[in-house]
Amino acid sequence: MRILELLAPARNADIGIAAIDCGADAVYIAGPDFGARKDAGNPVGEISRLCDYAHRFGARVFVTFNILVRDEELGELHSEMLDAQKAGADAFIIRDPRICGFEDITVPLHASTQCSIRDAQRAKEFIEAGCSRVVLERELTLEQIRKICSEVPAEVEVFVHGALCVCYSGQCTLSERLTGRSADRGECIQACRNLYDIRTLDGKTILRNKAVLSLKDYNLLERMEELADAGACSFKIEGRLKNASYVKNTVRAYSNAIDSLVAKRPEEFCRASFGKAEGGFIPDLDKTFNRGYTELFIDGKRGAWACMDNPKSMGEFIGTIASVTEKEGCSVITLAPAVPGLRLENGDGLAVNTGREICGFRADVCRGLTIRAKHTEGLRTGQKIWRNSSSAFERELENNMPKRYVDVSLDIRSDGKSILVCAHSEDGREASVSLGGEETAANPGRLISMLESGLSKHTGVFDFHIGEMSLDGISLPLLSASRINGARREIADLLDGMPVRKRSMASGSARKPFIAQTGRKEGELMRTKYCLRHELGLCPKQGKAPKAETLILVNNSRSFHLNFDCRNCEMTVTEIQSS
């Protein structure tokens with residue numbers, strides 16, 4: 001039986017708890033410092049609160065310590081890791097392999113995607129240092145993932161959804177070169193979302209003021225079964241800076257996908273945690289923050305990966321502008337919907353591409369398909385329009401959350417004087433309560449009906465149902481409905497007070513620190529599988545250009561070379577050296 005884990009981001013404990021409720025098997029969250037998202041730190045007390053909640057379902061909490069650490073910081077880092085371990089953390093996601101030398105850190109260590117792991121040899125370096133899991137680069141093909149999984153003796157985690165860095169993870173220094181803020185220290189400015197000009201060496205401008213390094217968002221929702229068959233055990237959603245609605249929506253969508261896979265192949269796969277999310281909102285990934293979606297290089301083929309015109313979220317395409325007029329300082333828009341039955345609501349966020357930029361605005365008043373908004377420049381008839389924030393969907397996410405319950409089977413029998421209720425939870429916990437009475441029930445059938453009704457209810461995090469009932473033909477004690485309900489609550493308290501048996505998780509081998517090479521080549525600010533010449537239809541391999549000549553990337557007063565390594569089908573960014 002292979003265990004499959006859905007791993008969700010948590011900017012804070014509340015978002016992590018929401019992710020667990022929506023079906024996540026594990027969440028990853030930053031401690032106070034030393035995480036690759038500097039603005040997403042959390043006090044240890046909040047990590048403890050999240051662990052307490054997650055562990056009720058056998059779900060896990062991974063704490064990120066995934067930056068390059070300075071020598072003088074090792075003591076503070078060690079102290080924070082000990083605090084997080086004591087708080088209940090189940091694993092640490094690390095980048096600096098010197099952490100493997102901390103002998104009193106006993107929870108499993110996971111080698112972050114920032115370790116630039118894209119082949120088995122690199123993975124084995126971290127496994128031999130004691131890491132029990134490796135997190136792979138996102139630019140890999142399905143076949144490359146399969147090969148790594150078959151060759152490394154450790155758990156393999158892959159990203160399946162979220163924002164994409166244009167560069168190989170852990171190898172970008174463009175942010176630091178532009179602003180002094182280092183991605184290695186969790187301070188990336190997302191330079192890949194900036195606007196640039198592209199010029200030839202002789203000064204000709206090919207593109208002006210475009211987000212030429214900005215990629216669409218990753219979405220492998222339809223590829224989960226293939227990834228599982230390739231050997232991946234953990235499926236990771238990006239987004240430790242994302243809000244609660246993003247996490248809820250994406251987690252619910254991917255949890256449903258894994259549930260479907262487990263239901264399809266129950267003899268082969270199971271979920272890493274216990275309990276199942278029931279009811280609540282219906283997920284829709286088009287309604288969550290996205291820049292358009294791509295499967296990137298999963299099939300070993302290049303496609304249209306860039307979102308040069310919309311480095312921010314465009315949302316769902318909803319139609320075109322049938323007419324637009326200006327009235328009393330407002331823009332009044334009539335929409336020709338792309339789908340029948342489209343409903344607009346006051347407060348919806350809308351966006352259009354004016355040809356020069358992405359223009360976002362708020363729908364202040366909606367009547368049918370007529371939208372009234374503050375005056376917005378650039379609107380015209382025939383223009384496509386997107387909704388990047390749906391007021392109705394946001395309310396649904398807020399007010400119609402699923403409930404997560406652990407399945408508990410109840411076996412009920414009697415010796416004629418008392419009734420024994422034995423509970424067996426899906427994770428192996430057991431508890432029992434005896435129900436006795438001085439009198440004998442005059443109507444056993446009615447009492448059995450009361451037992452079935454009173455014991456088969458949701459209580460706390462438990463979903464109780466009757467497994468076996470052996471009461472026919474036996475005299476039964478007289479019991480009140482309140483006593484039966486009290487017994488159910490008593491069982492729930494007993495089970496909740498017991499530790500949940502977590503499904504197995506690799507702990508790694510004996511640990512030994514080492515100095516890992518970054519993999520960067522001298523002078524390179526960025527190396528990427530993304531190729532701008534291919535994106536522009538200028539790839540020599542397509543027969544559309546005589547050679548892969550260098551291009552110039554210009555950001556304000558800074559210029560960089562775009563170089564093309566056609567042999568490896570990669571692009572690099574290097575700074576132009578002054579003469």
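Quick caveat, the model's predicted, so the values are computed rather than measured. Numbering starts at 1 and runs along the sequence shown.
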Arg558 atom CZ: more than 12 heavy-atom contacts under 6.0 Å: yes
Trace of the side-chain contact (heavy atoms from CB on, under 4.5 Å) decision for Leu344 with Leu342: CA-CA 7 Å; Leu344 300 170; Leu342 176 70; 4.3 Å; yes
Those residues that, when tested against Ala91, pass side chain to side chain contact (heavy atoms under 4.5 Å, CB included) (two or more places apart): Phe62, Pro108, His110, Met505
Residues Asn563 and Thr574: side-chain donor-acceptor under 3.5 angstrom: yes
Minimum heavy-atom distance Ala253-Leu221, with the two atoms named: O-CD1, 3.8 Å
Derivation of the side-chain hydrogen bond (donor to acceptor under 3.5 Å, both in side chains) call for Glu46 and Asn42: CA-CA 6 Å; Glu46 286 296 275; Asn42 291 274; over 6 Å; no
Inter- and intrachain pairs under salt bridge (Lys or Arg N to Asp or Glu O under 4.0 Å), touching residues 370-384, at least two apart: Glu328-Arg372
SB check Arg177 Glu575 (cutoff 4.0 Å): yes
Residues, nucleotides or ligands: over 12 heavy atoms within 6.0 Å of Leu241 CG: yes
Modelled atom types, side-chain donor and acceptor of Asp259 and Tyr254, under 3.5 Å: no
Interatomic distance, Ser313 atom OG to Ile358 atom CD1 [nearest 0.5 angstrom]: 10.5 Å
Lys/Arg N to Asp/Glu carboxylate O, Asp229 vs Arg223, below 4.0 Å: no
Leu140: side chain to side chain contact (heavy atoms under 4.5 Å, CB included) partners, not counting sequence neighbours: Arg118, Leu136, Glu137, Gln144, Ile145, Ile148
Ring-face cation of Arg527 near Tyr168 (centre distance under 6.0 Å, axis angle within 45°): no
Heavy-atom side-chain contact between Leu335 and Ile385 under 4.5 Å: yes
Aromatic Tyr28 / basic Lys236 pairing, under 6.0 angstrom, 45° off normal: yes
Arg146, CZ: over 12 other non-hydrogen atoms inside 6.0 angstrom: yes
Glu278 CD: over 12 foreign heavy atoms closer than 6.0 Å: yes
Geometric cation-pi criterion Arg404 and Phe57, 6.0 Å radius, 45° cone: yes
Smallest separation among heavy atoms of Leu350 and Asn388, with atom names: N-OD1, 3.8 Å
Centroid separation His161 to Tyr293 less than 6.0 Å: yes
Arg208, CZ: over 12 other non-hydrogen atoms inside 6.0 angstrom: no
From CA spacing to verdict: side-chain contact (heavy atoms from CB on, under 4.5 Å), Met571, Leu562: CA-CA 7 Å; Met571 181 179 76; Leu562 291 177; 4.1 Å; yes
